[in-house]
K.L.:
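I have a structure here, written as structure tokens, and I will follow up with some questions on it.
Given the structure is predicted, the values throughout are model-derived calculations rather than measurements.
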Amino acid sequence: MSNIYANSYAIVFVFLCLGVLLPVGALTLGRWLRPHVPSEAKETIYESGNNPFHDSRIQFQVRYYLFALLFVIFDVETVFFYPWAVVYDQLGLFALVEMVLFITLLALGLIYAWKKKVLRWM
């Protein structure tokens with residue numbers, strides 16, 4: 001019985017070593033093989049060779065972030081529709097009620113965002 005446990009720990013140890021050695025080896029090999037020719041133009045903020053003429057930090061309106069966040073939320077939530085639709089016949093009435101509740105909450109969130117004018121691009 002102890003041989004089985006020792007074998008399990010050996011497998012975990014081998015995978016742990018591989019998980020550490022492979023990335024370290026790849027990064028080390030990449031450092032040795034890549035060309036390294038530093039120049040003054042490459043060390044500027046922009047590698048295009050143009051001198052920066054103002055601060056590189058630009059303020060964006062919050063509405064762009066909200067628009068992107070709403071897109072991600074509704075895009076990810078629609079992923080839940082596919083498994084439900086595939087096994088719709090076997091789920092029964094309880095799953096139908098749950099999905100109607102889920103769609104209602106999504107619709108309420110969309111209506112709230114519409115009322116707050118978050119969906120206006122400009």
Side-chain angles (χ1 to χ4, degrees):
M1 197 62 149
S2 66
N3 189 18
I4 295 172
Y5 291 126
N7 192 19
S8 298
Y9 282 118
I11 291 172
V12 169
F13 180 73
V14 167
F15 275 103
L16 181 67
C17 289
L18 284 174
V20 171
L21 290 177
L22 284 175
V24 169
L27 290 172
T28 305
L29 187 65
R31 178 175 237 169
W32 288 342
L33 295 177
R34 73 174 181 229
H36 182 67
V37 184
S39 68
E40 189 175 325
K42 286 184 178 180
E43 293 178 0
T44 59
I45 296 175
Y46 302 105
E47 289 189 5
S48 64
N50 296 335
N51 292 327
F53 53 88
H54 60 78
D55 193 16
S56 63
R57 293 173 291 186
I58 301 171
Q59 290 185 352
F60 291 99
Q61 293 184 9
V62 176
R63 126 179 64 180
Y64 298 126
Y65 296 113
L66 290 175
F67 195 85
L69 185 63
L70 281 173
F71 172 76
V72 168
I73 288 172
F74 283 103
D75 192 43
V76 169
E77 297 301 329
T78 56
V79 172
F80 292 117
F81 291 144
Y82 182 73
W84 176 77
V86 169
V87 292
Y88 173 71
D89 291 335
Q90 296 127 8
L91 291 178
L93 182 64
F94 179 73
L96 177 65
V97 170
E98 290 291 325
M99 189 52 75
V100 167
L101 180 66
F102 179 70
I103 292 171
T104 304
L105 287 175
L106 280 178
L108 287 174
L110 186 62
I111 291 169
Y112 178 77
W114 192 308
K115 294 284 186 188
K116 290 289 187 176
K117 295 186 170 60
V118 175
L119 299 176
R120 280 191 19 210
W121 185 250
M122 290 292 204

K.L.:
Rounded to the nearest 0.5 Å, what separates atom CE in Met99 from atom CG in Leu91?
P.N.:
8.5 Å
K.L.:
Answer yes or no: is there a side-chain heavy-atom contact under 4.5 Å between Glu98 and Phe102?
P.N.:
no
K.L.:
Could you give the distance from CG (Leu110) to CD1 (Ile73), rounded to the nearest 0.5 Å?
P.N.:
11.5 Å
K.L.:
Tell me, please, which residues at least two apart from Val76 pass side-chain contact (heavy atoms from CB on, under 4.5 Å).
P.N.:
Val72
K.L.:
Tell me, please, which residues at least two apart from Phe71 pass ring-ring contact (aromatic ring centres under 6.0 Å, His included).
P.N.:
none
K.L.:
Is it true that Leu70 and Ile103 fall in one hydrophobic cluster, defined by side-chain heavy atoms closer than 4.5 Å?
P.N.:
yes
K.L.:
Under the rule for ring-ring contact (aromatic ring centres under 6.0 Å, His included), what residues qualify as partners of Trp114, not counting sequence neighbours?
P.N.:
none
K.L.:
If you group Ile, Leu, Val, Met, Phe, Trp and Tyr by side-chain heavy-atom gaps below 4.5 Å, do Phe80 and Leu105 land in one group?
P.N.:
no
K.L.:
Tell me who clusters with Tyr112, hydrophobic residues only, linked when side chains sit under 4.5 Å apart either directly or through other members.
P.N.:
none
K.L.:
Could I get the full list of ring-ring contact (aromatic ring centres under 6.0 Å, His included) partners for Phe74, not counting sequence neighbours?
P.N.:
none
K.L.:
Quick one: closest heavy-atom pair of Val87 and Pro83, and the distance?
P.N.:
CG2-O, 3.2 Å
K.L.:
Which atom pairs, one a donor and one an acceptor, fall under 3.5 Å between side chains of residues 14-37 and the rest of the protein, sequence neighbours left out?
P.N.:
unit_1, atom_1, unit_2, atom_2, d
Thr28, OG1, Val24, O, 2.7

K.L.:
With a 4.5 Å heavy-atom cut-off, do Leu106 and Phe81 have their side chains touching?
P.N.:
yes
K.L.:
Who pairs with Leu96 by side-chain contact (heavy atoms from CB on, under 4.5 Å), at least two apart in sequence or on another chain?
P.N.:
Trp84, Tyr88, Leu93, Val100
